Amino acid sequence: QVPLVESGGGFVQAGDSLRLSCVASGISFSVYDMAWFRQVPGKEREFLGAINGTGETTWYADNVQGRFAISRNNAKNTLYLQIHSLKPEDTADYYCAAGYHITYAPRKDVPSQYLFWGQGTQVTVSS
């Protein structure tokens, strides 16, 4: 059983907003720090942001700060990524990831820091 499952991707127009979800199962969701990454074929996986276990603290990559928002609902074992003002360059496969003690790590953007990954949800933004 895959512990993380993303949903909410699809085809959208530039300027639209979109909310992606990531549902966890089989793991103690609230003890994990969570993150969102995205990947375009042929390129490295790109860190977007992370959130601590309680949801009180978030971190974002500089290039998405202000346009992306990460939140979580531990009662529903669900992580969210809200994206505003979508651009064609946001087209990618979006992945959620779970890791331990990411909060205390000097860097949060290294994929190998994360223990569990979802299978991804595709977002395509047309101009």
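Predicted, not measured: the structure shown is a model, and the values here were computed from it.
Nearest heavy-atom pair across Gly120 and Glu6 is N-OE1, 2.8 Å. Considering all non-hydrogen atoms of both residues, Asn74 and Ser30 come closest at ND2-CB, 3.5 Å. The shortest heavy-atom contact between Arg45 and Pro111 is CB-CG, 4.4 Å. The two residues Leu79 and Ile70 make their nearest non-hydrogen contact at CD1-CG2, 3.8 Å. The two residues Val125 and Thr91 have their closest heavy-atom pair at N-OG1, 2.9 Å. When all heavy atoms are compared, the tightest approach of Leu4 to Ala24 is CD2-CB, 3.7 Å.
There is no path of hydrophobic side-chain contacts, each under 4.5 Å, that joins Phe11 to Val123. Tracing side-chain contacts under 4.5 Å through hydrophobic residues (I, L, V, M, F, W, Y), one reaches Ile51 starting from Val31; they form part of the same cluster.
Applying the side chain to side chain donor-acceptor pair (under 3.5 Å) rule to Gln13 yields the partners Ser126; only residues at least two apart in sequence or on another chain are considered.
Once rounded to the nearest 0.5 Å, the distance linking CD of Gln82 with OG of Ser71 reads 8.0 Å. Atom OG1 in Thr103 sits 3.5 Å away from atom CG in Asp33 (nearest 0.5 Å). Rounding to the nearest 0.5 Å gives a distance of 4.0 Å between CZ of Arg67 and CG of Asp90. With values rounded to the nearest 0.5 angstrom, Lys87 atom NZ is found 8.0 Å from Ser85 atom OG. Between Asn63 atom CG and Glu89 atom CD the span is 10.0 Å, to the nearest 0.5 Å. The NE2 atom of His101 sits 13.0 Å away from atom NZ of Lys108, with the distance rounded to the nearest 0.5 Å.
At least one donor-acceptor pair under 3.5 Å links the side chain of Gln113 to the backbone N or O of Val110. Side-chain atoms of Asn52 come within 3.5 Å of backbone N or O of Thr57 as a donor-acceptor pair. In terms of modelled atom types and a separation under 3.5 Å, the side chain of Asn77 and the main chain of Val23 share no donor-acceptor contact. Side-chain N or O atoms of Thr78 include one that pairs as donor or acceptor with a backbone N or O of Lys76 at under 3.5 Å.
Contact check for Val5 versus Gln119: side-chain heavy atoms found under the 4.5 Å cut-off. A heavy-atom distance below 4.5 Å is not found between the side chains of Glu46 and Gln39. Looking only at side-chain heavy atoms (C-beta outward), Leu48 and Arg38 come within less than 4.5 Å of each other.
Residue pairs meeting the ring pair (Phe, Tyr, Trp, His ring centres under 6.0 Å) criterion with at least one partner in residues 25-49, sequence neighbours excluded, are Tyr32-Tyr100, Tyr32-Phe116, Phe37-Phe47, Phe37-Tyr114, Phe37-Trp117. Sorted by first and then second residue, the ring pair (Phe, Tyr, Trp, His ring centres under 6.0 Å) pairs involving residues 50-99 (not counting sequence neighbours) form an empty list.
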